[in-house]
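Just so we're clear, the structure is a prediction, and the values are computed from it rather than from any experiment. Protein chains get the first letters and strands the later ones, always in sequence-line order, with residue 1 at the start of each.
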Amino acid sequence: MRFTKDHEWIAVDGGTATVGITAFAAGQLGDVVYVELPEVGRAVARGEGFAVVESVKAASDVYAPVSGEVVEVNAALSAAPETVNAEPQAGGWLVRLRLADPSELDGLMDQAAYDALVAET
Amino acid sequence: MNMVDVGRPTRPEAGEPAAQGRFETRPATLTGGSGLQQPEGLLFEVGGLDRCGVDLPEPELDASDLGDLVRHGEIGLPGLSEPETVRHYVRLSQKNHAIDLALYPLGSCTMKHNPRLNEKLARLPGLADIHPLQPVSTVQGALELMDALAHWLKTVTGMAAVALSPKAGAHGELCGLLAIRAAHEARGDARRTVLAPTSAHGTNPATAAQAGYAVASIAQTADGRVDIADLAAKLGPHVAAVMVTNPNTCGLFERDILEIARLTHEAGAYFYCDGANFNAIVGRVRPADLGVDAMHINLHKTFSTPHGGGGPGAGPVVLSQALAGFAPVPWIVARDGRFDLVEHVEEEAAQAFGRLCAFHGQMGMFVRAYAYMLSHGADGLRQVAEDAVLNANYVKARLSDLMPPAFDGPCMHEALFDDAWLDGTGLSTLDIAKALIDEGFHPMTVYFPLVVRGAMLIEPTETESKAELDRFVEAMRAIAAAAPAPGAAGLFKGAPYHAPLRRLDETLAARSPRLVWKPDGGLS
Amino acid sequence: MRYLPLTGADRRAMLATIGAPTVDALFEDVPAEARRDGLVDLPRGQGELEVERALQRLAAKNLPAGAAPFFCGAGAYRHHVPASVDHLIQRSEFLTAYTPYQPEIAQGSLQTVFEFQTQVAALTGMEVANASMYDGSTAAAEAVLMAMRITRRGRAVLSPGLHPHYAEAVAAQVRPAGGKVARLPLAVDAEAASIEAVDADTACVVVQTPNLFGTASDLSGLAEAVHARGALLVVVTTEAVSLGLLKPPGEMGADIVAAEGQSIGNGLNFGGPYVGLFATRERYVRQAPGRLCGQTVDADGRRGFVLTLSTREQHIRREKATSNICTNSGLCALAFSIHMTLLGQAGLKRLALLNHQAARRLKSALDEVPGVEVLTPRFFNELAVRLPRPAAAVAEALAAKGILAGVPVSRLAPGAGFDDVLLAAATETTTEDDIARLAAALKEVFA
């Protein structure tokens, strides 16, 4: 699993990757009430906002850690948005992407680097 | 994702029951009554589909001429007799706080007293029972009143013209930006960006986006004001307007406002001023003298028209000479000793950007505001600003030892505090707000402006007596003294205890929205 | 001054507490160039008696609807509002309360908003409604923007019977947002023809019933055709009482309803404040503008109400909000709701029928006036009447005789080919004597 400085995580499996927001981000947001997900088939560029995670008092844009095409979205979040709080880095995943350029992963943080970032926040 | 730290608890946390006798021990009532306060269900539970509180004659003709266009079946609207209707609403009113009950310290809202003379005059048949489209010759008094109101607004601001039709402050912002957009287009100079400070009220960027602009932020200095260097760096030929609130949302006067105006104009942009805080300077400072090109005035703030639980308001926009020609129709014009309405984009109003809304504006609010202006006069309005600023500084001075203000120096009509004084207590600004409810006051504005952590914005207004200010200060001081006590957090997190309801589950409301009554009654 | 409680002694004591020598010292940040030591050039303050006299003098220069046979409509209608409505909205706790952001001490406002939302949804036949917009015309503009967000298309078709003020308000708000507006030429009864203007970039068709000319239509066929082309149907109504008699938009396939609620609970007030009704399908609610009130429970499990789905709104979403609206029309919505409660559906149905009856009587009387032709084929309470002379001059002539005969179409749309058409509305307040006097005056004018 790798991380962005904007608190997204990405887990790669061959040519596709699963993306979500970290436990730290979910905690900061508070109770998630709604998740706005992109359409399957949409192309996203690295750093582009592709989803919105809403709590009662805030709406946060989620940015794509890498470029790719959306191949699957977590439809279960529609009925159970609280999964993002309960399992942000497992069942609360947001989208699966087909990677356009796997080399973009090199620029992301590993767990240790991300933990250090959170400690500073 | 972009980290937004305004997220705060929206599900009631478990608060510990009182340890210190906060609850008096009262015997339970026999049938669940609560003294003077009456329980009341939903209209759909207490009303009936066949009940009615209005006596209407039996129709003699039918609707057979309308055939299939006629509605069939139940509409789903219950009725009540008049006595039951009155009880329903009077009982519900018991559950509301209001200005008429106590100081209502909502910063940025200007919760001043709503004079009852204004209510009486707005209901004169000659002003209330007139149709916007009856012949202009039959409503000369109405047009004269609107013209007089316009004169007062222009004089008190020093501006050349005023668009009266916007129906609220945000609507006024839209009006101003659309006039600015039209002015640029008339010069063949279409620009695409609006600048606003990070402390701006949410309506500013929302309005700019609605007007078709991209929004860029101007940074703030450590002393809570617009960062002039950042503004200068961000200005350019692509900037249509700069939107600044003055006094700003931190309750401070923008000392460098003349420089802000100068830089804006030099770049070919217009200076839009959000006039929500005009109460601090009305009668003492004229926005025209500050270089403002357009400013909306919230009649429901500075000019006392009632807040009504969420409107109606009115947001007329004063305009500089450069923008006057682009104001939306209708225009009121004086011709041959009579008043007339220019209602189409033609003649004098050939450059108007169009029409913002149906008819002529919020006449009911114009009558109230005009009566307020006549009652105060130039001398009274100046006194309003002075007392508003005095009251806010007094409250600030009496709280500063326990709650340091967010910024140094005198404030204008509202005092801003952050939550640094709560560090180590485990309490949040929200907990302080809820505790204030138990002490008898509506909470101050919280978590706005966004630039200050855990913001608490207190605006007493000029219609508060010193005794009421002192009562509020004592409540705040008691809360501030109680907050750091060991074990206090549990108690605070359960507040309010003395309101008609305890803290409500906003998470549930957002996850399972139930926006209309349904026969099953529960929450899915 | 009667609204300012501070005394001179108070002010001195407070300055001492603050540590400032004078109030002027608190204004030290005002640039010297902008400081004014004197008063602005306006009269000094006056007592209640003088202010009353000034306003009464102005009021006396107007001819109120109640003092004349009155037939003006065209988007604002004169109905009888029961006395208790105005009495209840003036209770301190409703009149002087703020927007209900602190729900524990605002259940009065919140429950009445929830009831209002339910009433509006029921009345329009839709699934959900918001807490109100400023008025019907801005509600229509917001409906178009919402349809554009939902369909991701950029064009709106405005049907031939849409009130010109509404069409102009839509255009003023939609064009800067990058949208295109196609306004079809005014026509008495051509709503169905709107479909011909629908293309692949059309987000919605905005159609009004009863329309500007008073014509009531069944929009089901149009709704089907519009949906088949991937667009939405926005239905406008400017006379809310009509929904007590006519098939509601929700039963005809409307996706969004933008209506004017003034007819219920609120007087004419020379055009404002009014109350915009906004209703839609549940699945579109997150794209809706304005405040929404929802049901929930408190910490003790008791039912309560809160503002919800707030992340759509400006104070949270800022430049990405569904609308910039903040203050809406709360007290007018309350007046609507109280009047609706007094009526109930039984009363509303009867009231609507009385309105239709008055219009049928008006038509019968006008049919007897030589040279005058009623154009409206199917009406609720308003008729478009072709006169043998320009309608504006006729309305002026009748006003001079103390009769407010109606609204000339040329007032709203000059040069659109309807300069000889007068819009005349009749409500439950219109008497047979009023109608007789109008008919007699018209006969005299055209003799």
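Only the side chain of C:A13 comes within less than 4.5 Å of a heavy atom in chain B; its backbone stays farther off. For C:Y98, the parts lying near chain B are the backbone and the side chain together; criterion is any non-hydrogen pair under 4.5 Å. The contact between C:K349 and chain B is made entirely by side chain atoms (from C-beta outward), counting heavy-atom distances below 4.5 Å. When heavy atoms are compared at a cutoff of 4.5 Å, C:C293 approaches chain B solely by way of its backbone atoms N, CA, C and O. Contact annotation for C:P43: both backbone and side-chain heavy atoms come within less than 4.5 Å of a heavy atom of chain B. Both the backbone and the side chain of C:A177 come within less than 4.5 Å of a heavy atom of chain B. Heavy atoms closer than 4.5 Å to chain B are found in both the backbone and the side chain of C:L95. The contact between C:A76 and chain B is made by backbone and side chain atoms together, counting heavy-atom distances below 4.5 Å. Heavy atoms of C:V285 lying under 4.5 Å from chain B belong exclusively to its side chain.
For the 3.5 Å distance criterion, the side chains of C:Q345 and B:E74 qualify, holding a donor opposite an acceptor.
Among the candidates B:G354, B:A211, B:G313, B:G169, the residue making the largest number of heavy-atom pairs closer than 4.5 Å to chain C is B:A211. By number of non-hydrogen pairs under 4.5 angstrom with chain C, the leading residue of B:N96, B:V516, B:N391 is B:N96.
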